[in-house]
There are 2 protein chains.
Amino acid sequence: MISVALINDYEVVVRGLASMLHAYSDRIEVVELDLNRQVGNSVDVALYDTFASPQGDRDRVKSLASNPLVAKVVVYSWNTDDDLVHAALANGAAGYISKGVSARELTAALEGIHEGVEEIYATASTATIVAGDWPGRDEGLTQREAEVLALITQGLSNDEVAEMAHLSINSVKTYIRSAYRRIAVDSRTKAVLWGIEHGFRPDHTRVTHPEPDPGSRA
Amino acid sequence: MISVALINDYEVVVRGLASMLHAYSDRIEVVELDLNRQVGNSVDVALYDTFASPQGDRDRVKSLASNPLVAKVVVYSWNTDDDLVHAALANGAAGYISKGVSARELTAALEGIHEGVEEIYATASTATIVAGDWPGRDEGLTQREAEVLALITQGLSNDEVAEMAHLSINSVKTYIRSAYRRIAVDSRTKAVLWGIEHGFRPDHTRVTHPEPDPGSRA
DNA sequence: GGAATCTTCACCCCTAGGGGTGGAACGTAC
DNA sequence: GTACGTTCCACCCCTAGGGGTGAAGATTCC
């Protein structure tokens, strides 16, 4: 039985992961981790889901890896580029798991990593199991559509989204187009307003680029 | 002593008006009016502030005029075009007052209208008294900048803002430019996010154009 | 096997939006 | 009288964003 803390800014993502792992609750105990205070119960693994976060977020991985309450950090992401994996490991992650794996494989991988066997599960499959959860899922958004929408709801331009998600600008535009069609909006502003009303607000606003005005939170 | 209900979707605007009229509290009693329920105390005058609302909003004026709790409806606006004034009166308003008037004149006008003397106070002055309040005032936004920002925070395009505020597209762009400079943002999305965090959320989302998806609120 | 779906990307076209410049009228403060 | 701020508008320029089309690979379902 290992304890796992789920790390992501979107509550629904965390909830989706938790429910995914619930089937293996005899092997995985999902626990809370207070990142703002360095007190409390330690966890065996901090599972960091990169949804709508900078891929290869070295600061986040580093921060988690150096948190005394966290024994091991595992990155959970769609992006399995070698450089991203290596960067995460270089920054202290003990493992890197593709979102393409099943819940059973995820559980096994977490156990393996916990036991000190560094493993990287990077399957090439893209739509193996529709598990987990993400904002807008109930409204029919695919994971990628949701992620791109979440990033524009953070205020990012298409170029910034492309960079952050490691996608081509053309892919970003494609996802924007399809996402807008699904939620029946025709402008970015309306999409952002929709997002805010539908769980696309991160719990913690991460500063991924310099704030021009230190006095305001945007 | 007449009772006046202040009508606007932005709490800070209502609060600003209330404080403006406070100086005349021996003549004006500001009261609450529950528009969703047709029960409660009636008011002598419903003072409808058009900030970030469609100018000449016939439906709103009509609705207020037909509310059995409201004796008289008065429109309070920067726009004093003849056609707007006539439209408001045709829709049941008993008066139309320019925002350019002083609090004293406003009070006198409300009393005159209440007593059955239909009056339209439309002064040409544009910056007589900096009274009242509006979202973003503390952050240095002028009234017009705030109004335009409020409208884009409702999801309107520049063309729609121009139409709603009875301004030229060029004026709208000018206000957008200056507003962005003041709040230190460089994109619409960031401006909208800023607006949401700074009181630019209307209490009641008014449907000013058809919703494409009846199942969602955007 | 074919259709549907998701992910990813390319390319074309056009305008909505944002940056700039300038100007006029009015009111207020020094 | 001058300077400044607010409101309002014009015009120039350019690209960010959004609409379209097409294609390929993988997986699942009928």
Side-chain angles (χ1 to χ4, degrees), chain A residues 77-81 98-102 123-131 134 137 140-149 151-152 155-163 165-192, chain B residues 77-81 98-102 123-131 134 137 140-149 151-152 155-163 165-192:
Chain A
S77 172
W78 282 115
N79 292 88
T80 51
D81 301 344
S98 162
K99 284 198 173 183
V101 303
S102 64
T123 64
S125 63
T126 59
T128 306
I129 294 180
V130 183
W134 56 86
R137 186 182 178 184
L141 292 174
T142 66
Q143 283 204 50
R144 272 308 195 186
E145 284 167 351
E147 184 156 21
V148 167
L149 183 56
L151 291 169
I152 69 177
L156 273 60
S157 66
N158 290 349
D159 275 338
E160 287 166 342
V161 172
E163 189 184 339
H166 278 65
L167 294 173
S168 145
I169 184 67
N170 300 299
S171 299
V172 170
K173 286 183 175 181
T174 297
Y175 290 127
I176 283 172
R177 224 165 14 238
S178 56
Y180 284 14
R181 214 172 286 129
R182 257 190 241 278
I183 65 178
V185 299
D186 58 6
S187 73
R188 204 173 191 87
T189 303
K190 286 189 185 131
V192 166
Chain B
S77 174
W78 281 116
N79 292 88
T80 49
D81 301 344
S98 164
K99 285 197 172 184
V101 304
S102 63
T123 65
S125 62
T126 58
T128 306
I129 293 177
V130 182
W134 57 87
R137 185 181 179 186
L141 292 175
T142 66
Q143 283 204 51
R144 272 306 197 190
E145 286 166 354
E147 184 156 19
V148 167
L149 183 57
L151 291 170
I152 68 177
L156 273 61
S157 65
N158 290 351
D159 275 340
E160 287 167 340
V161 172
E163 189 185 339
H166 278 66
L167 295 173
S168 145
I169 185 66
N170 301 299
S171 299
V172 171
K173 286 184 175 181
T174 297
Y175 291 126
I176 284 172
R177 219 160 25 233
S178 56
Y180 284 14
R181 214 172 286 129
R182 257 192 242 276
I183 64 178
V185 300
D186 59 5
S187 75
R188 207 174 190 83
T189 303
K190 287 191 186 130
V192 167

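Every chain is numbered from 1 and lettered A, B, ... according to where its sequence line falls, protein lines coming before strand lines.
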| query | Reckon Tyr180(B) has a side-chain N or O less than 4.0 Å from the OP1 or OP2 of dG18(C)? | reply | yes

| Listed nucleotide nearest any side-chain atom of Gln143(A), set dT7(C), dG18(C), dG19(C) | dT7(C)

| side-chain N/O Arg144(A) vs dC6(C) OP1/OP2, d < 4.0 Å | no

| field | Qualifying residues under side chain to side chain donor-acceptor pair (under 3.5 Å), relative to Asp159(A), sequence neighbours excluded | value | none

| Interatomic distance, Ser171(A) atom OG to Asn158(A) atom CG [nearest 0.5 angstrom] | 11.5 Å

| field | Any Asn170(A) side-chain N or O less than 4.0 Å from OP1/OP2 of dC9(C) | value | no

| query | Quick one: is dC9(D) close enough that its OP1 or OP2 comes under 4.0 Å of any side-chain N or O from Ser171(B)? | reply | yes

| note | Atom OH of Tyr175(A) and atom P of dC9(C) are separated, to the nearest Å, by 7 Å

| said: Checking Arg144(A) now: which residues fulfil salt bridge (Lys or Arg N to Asp or Glu O under 4.0 Å) with it, not counting sequence neighbours? | reply: Glu147(A)

| said: Taking only side-chain N and O atoms of Arg188(A), does any of them lie within less than 4.0 angstrom of OP1 or OP2 on dG18(C)? | reply: no

| task | Would you indicate what Ile169(A) reaches in the nucleic acid, counting non-hydrogen atoms under 4.0 angstrom: base, sugar-phosphate, or nothing? | result | nothing

| task | Please determine if a side-chain N or O atom of Ser187(A) lies less than 4.0 Å away from the OP1 or OP2 oxygen of dG17(D). | result | no

| message | If the helix axis at each end comes from five base pairs, how far does the helix from dG1(C)-dC30(D) to dC30(C)-dG1(D) deviate from straight, to 10°? | response | 30°

| Between the side chain of Arg182(B) and the main-chain N/O of Leu141(B), is any donor-acceptor distance below 3.5 Å? | no

Return the polar atom pairs (N/O with N/O) between nucleotides 22-24 of chain C and the protein under 3.5 Å, or none.
none

| request: Quick one: list whatever passes side chain to side chain donor-acceptor pair (under 3.5 Å) with Ser157(B), sequence neighbours left out. | output: Glu160(B)

| task | Name all residues meeting the side chain to side chain contact (heavy atoms under 4.5 Å, CB included) criterion together with Thr174(B); count only those two or more places apart in sequence or in a different chain, and write none if there are none. | result | Arg177(B)

